[in-house]
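Presented below is the structure to which this report refers.
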Amino acid sequence: KRAEAALREGEEKYRSLVSNIPDVAWTVDDKLRFAFIGNNIEKLSGYSRAEVYEKGAQIYLDSLHPDDVQKVRECFRALLAKGQPFDVECRLKRKDGAWIWIHDRAIATYEKNGIRYADGLISDITERKHTEQETRLQTAALDSAANSIVIVSREGRIVWVNAAFTRLTGYSPQEVIGQNPRFLKSGVHNNDFYQKLWQ
């Protein structure tokens, strides 16, 4: 009786965990039918669990960006045929027409009653992708600036320089990153000048 109670408690905790994580847990069979899809699929994709169960993985594949469909198909094929794990980032069109970025991954397959299954997890990474794009744009803007730009840590070590710095000084980023910028001292300015600069 204690073992049965512990098993029930474990199953309840498992259901609670799967229902409350922000990601979407999934299980597909070797015919790409969903055996399980997490509750928050509707929040992520706009499609209800009933729609996803009815249409299977085809609803997922049909929602992918045309440039991403082939790589995702090949990931599923390799997973279900060879048990090869996959970890892929791709674009997905929600039911409302909005595009989001997702991270889909699966580790292994297993067999049950003669059917091969795979478990996986989908995360919405749209915010992270937008942040990465902004960072790339900011870096490109800083790198193409006409003025020399040097970013220094609080400890006084160079962590980044732009292309204008290299043109002005002749030093490559590899030569200066990690160095204290004092090696650029010209001898023209006194110590008071540098104290004010650091303050």
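Positions are given from 1 along the sequence. Every value quoted in this text rests on a predicted model; they were computed, and no experiment measured them.
Residues passing the side-chain hydrogen bond (donor to acceptor under 3.5 Å, both in side chains) test with Glu54, sequence neighbours excluded: none. Applying the ring-ring contact (aromatic ring centres under 6.0 Å, His included) test to Trp160 and every residue at least two apart in sequence or in another chain returns nothing. Partners of His103 under the ring-ring contact (aromatic ring centres under 6.0 Å, His included) rule, at least two apart in sequence or in another chain, do not exist in this structure. For Arg116, the salt bridge (Lys or Arg N to Asp or Glu O under 4.0 Å) test picks out Glu111, with sequence neighbours left out. A search for side-chain hydrogen bond (donor to acceptor under 3.5 Å, both in side chains) contacts involving Glu89 returns Arg128, Lys129, not counting sequence neighbours. Every residue was checked against the side-chain hydrogen bond (donor to acceptor under 3.5 Å, both in side chains) condition with Thr169, not counting sequence neighbours, and none meets it.
Using a 4.5 Å cut-off on side-chain heavy atoms (C-beta onward), Thr109 and Leu80 make contact. Pro85 has its side chain out of reach of Leu79: every pair of non-hydrogen atoms, C-beta onward, lies at least 4.5 Å apart. The side-chain heavy atoms of Asp23 and Arg105, taken from C-beta on, include a pair separated by under 4.5 Å.
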- Message: Please determine whether side chain to side chain contact (heavy atoms under 4.5 Å, CB included) holds for the pair Ile115 and Asp30, giving the CA-CA distance in whole Å, both sets of side-chain angles, and the decisive distance to 0.1 Å.
- Response: CA-CA 7 Å; Ile115 300 171; Asp30 47 17; 3.9 Å; yes

- Query: Can you list the steps and then say if Ile107 with Asp119 is a side chain to side chain contact (heavy atoms under 4.5 Å, CB included)?
  - Reply: CA-CA 7 Å; Ile107 303 296; Asp119 296 329; over 6 Å; no

- Are Thr135 and Gln138 close enough, and set up right, to give a side-chain hydrogen bond (donor to acceptor under 3.5 Å, both in side chains), and what steps lead you there? CA-CA 5 Å; Thr135 302; Gln138 289 168 356; 4.9 Å; no

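Checked for salt-bridge contact, Glu42 and Lys95 miss the test: no charged N lies under 4.0 Å from a carboxylate O.
The CH2 atom of Trp101 sits 9.5 Å away from the OG1 atom of Thr126 when rounded to the nearest 0.5 Å. Distance NZ/Lys71 to SG/Cys90: 6.5 Å, rounded to 0.5 Å. The OG atom of Ser45 sits 7.0 Å away from atom CD1 of Ile59, with the distance rounded to the nearest 0.5 Å.
Side chain of Gln58 to main chain of Lys55: no donor-acceptor pair is present (N/O by atom type, distance under 3.5 Å, no hydrogens or angles). No donor-acceptor distance shorter than 3.5 angstrom exists from the side chain of Asp87 to the backbone of Asp104, with no hydrogens or angles considered. Panel note: side chain Arg94, backbone Lys43; a donor-acceptor pair is recorded below 3.5 Å. For Asn162 (side chain) and Asn147 (main-chain N/O), a donor-acceptor pair under 3.5 Å exists by modelled atom type. The closest donor-acceptor contact from the side chain of Thr27 to the backbone of Phe36 lies at 3.5 Å or more, if one exists at all. Looking only at distances, a side-chain donor or acceptor of Asp68 sits under 3.5 Å from a matching main-chain atom of Arg91.
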Listing, residues 181-199 side-chain donor-acceptor contacts under 3.5 Å, not counting sequence neighbours, or none:
residue	atom	partner	partner atom	Å
Ser186	OG	Val188	N	3.2
Asn190	OD1	Asp192	N	3.2
Asn190	OD1	Phe193	N	3.0

Please set out all donor-acceptor pairs under 3.5 angstrom arising from side-chain atoms of residues 151-158, sequence neighbours excluded.
residue	atom	partner	partner atom	Å
Ser153	OG	Glu155	N	3.3
Ser153	OG	Glu155	OE1	3.2
Ser153	OG	Arg157	N	3.2
Ser153	OG	Arg157	O	3.4

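Cluster partners of Leu137: none. The rule joins Ile, Leu, Val, Met, Phe, Trp and Tyr whenever side-chain heavy atoms lie under 4.5 Å apart, and it links nothing here.
Applying the ring-ring contact (aromatic ring centres under 6.0 Å, His included) rule to pairs touching residues 73-94 yields Trp26-Phe76, Phe76-Phe86, sequence neighbours excluded. The list of ring-ring contact (aromatic ring centres under 6.0 Å, His included) pairs with a residue in residues 39-59, not counting sequence neighbours, is empty. Among residues at least two apart or in separate chains, ring-ring contact (aromatic ring centres under 6.0 Å, His included) pairs with a member in residues 114-151 are Tyr110-Tyr117.
For Arg167 and Ser148, the side-chain atoms include no donor-acceptor pair closer than 3.5 Å. Judged by distance alone, the side chains of Glu175 and Ser172 do bring a donor and an acceptor atom under 3.5 Å apart. A donor-acceptor contact closer than 3.5 angstrom is absent between the side chains of Thr131 and Glu134.
Around CD of Glu127, the count of heavy atoms belonging to other residues, nucleotides or ligands within 6.0 Å does not exceed 12.
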